[in-house]
Amino acid sequence: MSRRQFTAMLAATGAFPLLAPPAAAAHDRGVSHRHRASPGDELWRWNAADLAAAITTRQVSAREATESVLARLHALDPTVNAVAEVLGPV
């Protein structure tokens, strides 16, 4: 049996979701397994897929996303002390 035949058989039986990792299966259904982005959320809370889609469709700029993440980093790093040096403007 070829890989193509095997894949077609799995698709016909509906077994694909059973073989896919949970995150991939959720993403294929259009549902993020961690967090769905909503307009009121802080951008640093968005998962990567939702943020990338928003940047691609120009709902959010890459600058806004970066500034949100850096602001969160600066707010938490004194407590967590996880980042040795942040490059760029502060």
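The figures that follow rest on heavy atoms only: side chains count, while hydrogens, waters and symmetry mates do not.
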If you look at every heavy atom in L73 and V83, which pair is closest and at what distance?
CD1-CG2, 3.2 Å
With sequence neighbours excluded, tell me which residues meet side chain to side chain contact (heavy atoms under 4.5 Å, CB included) with A48.
none
Going by atom type alone, with no hydrogens or angles, which donor-acceptor pairs under 3.5 Å involve a side-chain atom of residues 64-72 and a protein atom two or more places apart or on another chain?
from: E64; atom 1: OE1; to: S61; atom 2: N; distance (Å): 2.8
from: E64; atom 1: OE1; to: S61; atom 2: OG; distance (Å): 3.4
from: T66; atom 1: OG1; to: A62; atom 2: O; distance (Å): 2.9
from: S68; atom 1: OG; to: W44; atom 2: N; distance (Å): 3.1

Measure the CG-CG distance between N81 and L76 for me, rounded to the nearest 0.5 Å.
12.0 Å
Spacing of CG belonging to L51 relative to CG belonging to N47, to within rounding of 0.5 Å
8.5 Å
To the nearest 0.5 Å, atom CD of Q59 lies from atom CG of D50 at 10.0 Å
